[in-house]
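In what follows, a structure is listed as structure tokens, so that the remarks can point back to it.
Chain A is the first sequence line, chain B the second, and so forth, proteins listed ahead of strands; every chain is numbered from 1.
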Protein chains: 2
Amino acid sequence: MTSDDLDAIFKALADPTRRRIVDRLAARPRQSLFELCAGAVAEGQPAMSRQAVSQHLDVLERAGLVRVEWSGRTKLHALELGPLKAAQAAWLGRYLAEEAG
Amino acid sequence: MTSDDLDAIFKALADPTRRRIVDRLAARPRQSLFELCAGAVAEGQPAMSRQAVSQHLDVLERAGLVRVEWSGRTKLHALELGPLKAAQAAWLGRYLAEEAG
DNA sequence: TTGACATGCAAGTATTTGCTTGCCTATAAA
DNA sequence: TTTATAGGCAAGCAAATACTTGCATGTCAA
């Protein structure tokens with residue numbers, strides 16, 4: 001866990017659209033790009049272009065927070081919590097409250 | 001803790017220089033702007049101009065992570081962990097490992 | 001094979017970020 | 001009062017971001 005890794009992780013989480021993508025992938029893993037676009041609309045949020053969502057997913061993927069699996073022509077995305085827990089161990093944990101239960 | 005608050009907190013932590021400032025304030029609270037500039041050099045890091053450090057402190061202060069207290073012409077900075085713990089409670093905690101010990 | 005679908009790639013643009021430079025204000029010390 | 005010190009304000013600039021538009025590629029179905 002280098003300083004650059006922490007940069008990428010915090011930067012990825014610093015955007016509300018990306019945090020919503022994380023939340024949707026936590027609720028249901030293995031979603032395609034189109035499913036994630038539709039999910040935004042389903043939650044009553046402003047529609048996002050496919051390219052915009054794709055670029056957000058790239059940011060999350062480069063931070064290691066999203067893992068990708070191809071199934072034919074469909075790219076399935078799922079949450080990867082390892083880097084976040086590593087960030088907690090490497091830096092964030094010093095400053096966080098101990099989690100209650 | 002609004003989504004904007006989370007934006008500000010994660011964005012503030014997404015820069016290595018700002019994380020080092022946080023670390024230095026954790027090690028010793030109530031440091032002035034000049035002390036924080038000197039601290040960078042003392043740690044063997046590249047010197048930073050007063051204005052650059054000041055702008056980083058503004059970002060941390062706007063995120064609520066740094067609390068300021070004036071003493072004469074000296075502005076003393078200290079770490080404020082409340083917002084970080086609030087961010088953990090509001091969002092981050094869902095995805096973090098339970099802290100060992 | 002043809003056409004529809006899921007996604008990638010690349011260029012263009014407006015905004016933000018990180019940093020610098022130059023000048024100004026206010027407090028403290030000589 | 002003069003001078004040095006701690007910091008603020010504002011403009012300028014290169015790089016990064018967030019998003020769009022247009023076109024290309026690869027996969028599946030009819």
Side-chain angles (χ1 to χ4, degrees), chain A residues 3-22 24-25 28-42 45-63 65-78, chain B residues 3-22 24-25 28-42 45-63 65-78:
Chain A
S3 185
D4 283 352
D5 293 334
L6 289 173
D7 285 7
I9 290 169
F10 286 127
K11 189 163 296 185
L13 298 181
D15 183 281
T17 303
R18 284 195 289 266
R19 286 196 304 275
R20 282 196 298 265
I21 290 176
V22 165
R24 284 202 289 275
L25 287 177
R28 188 161 64 86
R30 294 171 57 87
Q31 292 191 64
S32 74
L33 181 53
F34 272 57
E35 287 174 305
L36 289 165
C37 287
V41 176
Q45 282 139 16
M48 300 202 58
S49 77
R50 174 178 64 85
Q51 289 80 353
V53 174
S54 175
Q55 284 166 20
H56 281 304
L57 285 169
D58 280 346
V59 173
L60 288 166
E61 198 180 335
R62 277 196 296 271
L65 295 171
V66 158
R67 154 179 33 100
V68 155
E69 174 192 348
W70 280 94
S71 166
R73 64 183 166 183
T74 304
K75 190 182 190 181
L76 297 172
H77 304 79
Chain B
S3 185
D4 284 352
D5 293 333
L6 289 172
D7 285 8
I9 290 169
F10 286 127
K11 190 165 298 185
L13 298 181
D15 183 281
T17 301
R18 285 195 289 268
R19 287 196 305 276
R20 282 196 299 264
I21 289 176
V22 166
R24 283 202 290 272
L25 287 177
R28 186 161 65 88
R30 297 169 56 86
Q31 293 191 64
S32 73
L33 180 52
F34 274 57
E35 287 174 304
L36 288 165
C37 287
V41 176
Q45 282 140 17
M48 301 202 57
S49 78
R50 176 178 63 87
Q51 289 82 352
V53 174
S54 175
Q55 284 166 21
H56 281 303
L57 285 169
D58 280 346
V59 174
L60 289 166
E61 197 180 337
R62 278 197 296 272
L65 296 171
V66 158
R67 153 178 34 98
V68 154
E69 174 193 346
W70 280 92
S71 166
R73 66 182 164 182
T74 304
K75 191 181 188 181
L76 297 172
H77 304 81

Derivation and outcome, side-chain contact (heavy atoms from CB on, under 4.5 Å), residues B:L25 and B:L60: CA-CA 12 Å; B:L25 287 177; B:L60 289 166; 5.7 Å; no
Verdict with reasoning, B:D15 to B:V59, per side-chain contact (heavy atoms from CB on, under 4.5 Å): CA-CA 10 Å; B:D15 183 281; B:V59 174; over 6 Å; no
Stepwise side-chain contact (heavy atoms from CB on, under 4.5 Å) test for B:L36 and B:L33: CA-CA 5 Å; B:L36 288 165; B:L33 180 52; 5.6 Å; no
Evaluation steps, side-chain hydrogen bond (donor to acceptor under 3.5 Å, both in side chains), between A:R20 and A:Q45: CA-CA 10 Å; A:R20 282 196 298 265; A:Q45 282 139 16; 3.0 Å; yes
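Where A:A47 and B:Q31 meet DNA chain D, the nucleotide closest to each residue was compared, and B:Q31 sits on the side nearer the 5' end. Of the two residues near DNA chain C, A:H77 and B:S71, the one whose nearest nucleotide lies more 5' is A:H77.
Protein chain B contacts DNA chain D over a range whose 5' and 3' limits, counting nucleotides with an atom under 4.0 angstrom from a non-hydrogen atom, are D:dA4 to D:dC9.
Of the possible donor and acceptor atoms, one in the side chain of A:S49 sits under 3.5 Å from a partner among the backbone N and O of A:A52. Remark: side-chain polar atoms of A:R24 are not paired, donor with acceptor, to backbone N or O of A:Q31 under 3.5 angstrom. In this structure, the side chain of A:E61 does not engage the main chain of A:V68 through any donor-acceptor pair within 3.5 Å.
Remark: C1' of C:dT20 and CZ of B:R50 are 12 Å apart, rounded to the nearest angstrom. Per the geometry, NZ belonging to B:K75 stands 15 Å off C1' belonging to C:dT27, to the nearest Å. What separates CG of B:L33 from P of C:dA26 is a distance of 18 Å, to the nearest Å. The nearest whole Å value for the distance from the CG atom in B:D15 to the C1' atom in C:dT17 is 9 Å. When the P atom of C:dG8 is taken as reference, atom CD of A:Q55 falls 11 Å away, rounded to whole Å. Counting to the nearest Å, the P atom of C:dT16 and the NZ atom of B:K11 are 9 Å from each other. Atom pair A:L57:CG and C:dT7:C1' shows a separation of 12 Å (rounding to whole Å applied). The distance between atom CZ of B:R62 and atom C1' of C:dG18, rounded to the nearest whole Å, is 12 Å.
OP1 and OP2 of C:dT21 both lie 4.0 Å or more from every side-chain N or O belonging to B:S49.
Relative to the side chain of B:Q51, the nucleotides C:dG8, C:dG22, C:dC19 differ in distance, and C:dG22 lies closest.
With hydrogens and angles ignored, no donor-acceptor pair closer than 3.5 Å exists between the side chain of B:R18 and the base of C:dG18.
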